[in-house]
Amino acid sequence: MVKLEGYGKQIKGLDFQEVDQRNAEISTKIEKRTGLGNDFLGWLDYASKLPSSEVERIKACALRIRKNYKALAVVGIGGSYLGARAAIEALNGLFPKDKFKIVFLGDTLSSTYTVQALKFLKNKKFAINVISKSGTTTEPSVAFRLLKGMLEKKFGHAYLKDAIVATTDKARGALKKEADAEGYEEFVIPDDVGGRYSVITPVGLLPIACAGIDIDQFLLGVKDGEKDYSNPDYHLNPAYKYGATRYLLYKAGYPIEMFISYEPQFAMIGEWLKQLFGESEGKDGKALFPAAATFTTDLHSMGQFIQEGSKVLFETIIRADHPQKDIKVEADKENLDGLNYLAGKKLSYINDRAFQGTLKAHVETGSVPANVVRIKKMDAYNLGNLFYFFMRSCAFSAYLLDINPFNQPGVEIYKKNMFTLLGKPS
Ligand code: PA5
């Protein structure tokens, strides 16, 4: 279970009266599935209901891909992409030892990125996991067509059947039709789980397993999350407490929440959080603007603004108490760099002092309120638990805002304009 800490007089002084009054109403909306968008609450108990045979099929598919190919192209965008990438980078790091390579495509229309990624894959024997709930999203559809074309040209059409795995709707969409017609292995994105809540389904599980990560542990973290964050009383439920705190900070005049970590390999968790909260809550002219930064890196860019700029934001810091790796600073006879005062100290100790010093500077001197969300260490179990914590918090704070957390009507407008400009037949 995560530990939630609140720092700053603004958090200590928040008036929780409204939450006290609405706690039962909001938690019932989640628990009894009676709130806005209630047909998209399948993620609440998805992990504990997922048959072990399906988990085994995901693991077997991942093993087959790892055994028969040198790389996997994961094709998807938004909720069909961010969770898997966040998990793989957070757990395997930015310089993974694994010889098996994972490449993400279909999350951009950049010709430069796409050509570079295709070139990287060109001389490798690679498989494709194409992920799209609707099965019709332009970005992944275009990338998928380009990838297929490349494989087909080199190995012939028959090669595609084993090399492609489709994760999509059980019945609808162009991808489903194609997967059935071509005989690709298929995994289902359930009707009642929306994209940004789908990292705990095959959308996330298959790429994560292909990266060599233990999905049993990941799912155990999610399943424990179902118990850890289900108490209807927000005083006893850190997910609801955090959801309530961010809602009240928004109402108290802080329109921006900045997600912070001190680990570069957690940066994609920040991207996942931006989507989770931004797409779930940003409706009806309301909601916090979610931003993200990595410290201490961004202390040398955004640090100045946070410390002394306009007082528009609060921080939510994700801390893992124990780093995955560590190294000591050695003593140096000459001490020309003057760093001998750090000799014998671990880099994680120095990073932790940076965290403590920054927290004090921002909260006490800069008057920037901060939440700290602590986990013991970043492993598959704790990451599954952390994802679930944030999903549950998001449902709670969105319902406090009287917003449907599970739709994204605004996203359609850019698509409509783009299709008109591209001359897409209606
Ligand atoms: O969270 C969401 O619902 C969206 O971000 C979708 O995941 C994204 O638009 C991709 O959609 P699809 O999986 O249908 O290709």
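Counting convention: from 1, in listed order, for ligands and their atoms alike. The residues of the chain are indexed from 1 along the displayed sequence.
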Peer 1: Answer yes or no for K148 and F144: cation-pi contact, defined as NZ/CZ to six-membered ring centre under 6.0 Å and angle to ring axis within 45°.
Peer 2: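 K148 over F144 ring: yes.
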Peer 1: Look at the aromatic rings of F390 and F259 and report parallel, tilted or perpendicular, splitting at 30° and 60°.
Peer 2: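 Perpendicular: the ring planes of F390 and F259 meet at over 60°.
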Peer 1: Return yes or no for this condition: an N or O of K415 is under 3.5 Å from an N or O of ligand 1.
Peer 2: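 Looking only at distances, the answer is no, because the N/O contact criterion of under 3.5 Å is not met.
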Peer 1: Check the pair S393 / Y229 against side chain to side chain donor-acceptor pair (under 3.5 Å), numbers first and verdict last.
Peer 2: CA-CA 9 Å; S393 311; Y229 312 118; over 6 Å; no
Peer 1: Students should be able to answer this: which protein heavy-atom is nearest to atom 4 (C) of ligand 1, and at what distance?
Peer 2: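 I find the closest protein heavy atom is E279 OE1, 3.5 Å.
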Peer 1: Could you tell me if the side chain of V74 sits less than 4.5 Å from the side chain of Y81, heavy atoms only?
Peer 2: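 Side-chain contact under 4.5 Å: no.
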Peer 1: Report the nearest protein non-hydrogen atom to atom 8 (C) of ligand 1: residue, atom name, distance rounded to 0.1 Å.
Peer 2: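 Protein heavy atom with the smallest distance to atom 8 (C) of ligand 1: I77 O, 3.6 Å.
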Peer 1: At what distance is the nearest protein heavy atom to atom 11 (O) of ligand 1, and which residue and atom is it?
Peer 2: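 The answer is T137 OG1, 3.6 Å.
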Peer 1: Looking only at distances, can you tell me whether any N or O atom of P140, backbone or side chain, sits closer than 3.5 Å to an N or O atom of ligand 1?
Peer 2: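 Looking only at distances, the answer is no, because the N/O contact criterion of under 3.5 Å is not met.
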Peer 1: Can a non-hydrogen atom of E139 be found less than 4.0 Å from any atom of ligand 1?
Peer 2: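 No; E139 lies far enough from ligand 1 that no heavy-atom distance drops under 4.0 Å.
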Peer 1: Please walk me through it: do Y46 and Y197 pass ring pair (Phe, Tyr, Trp, His ring centres under 6.0 Å)?
Peer 2: CA-CA 10 Å; Y46 176 86; Y197 299 79; over 10 Å; no
Peer 1: Name the closest protein heavy atom to atom 6 (C) of ligand 1, giving the residue it belongs to and the distance to 0.1 Å.
Peer 2: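 Checked against all protein heavy atoms, atom 6 (C) of ligand 1 sits closest to G79 N, 3.9 Å.
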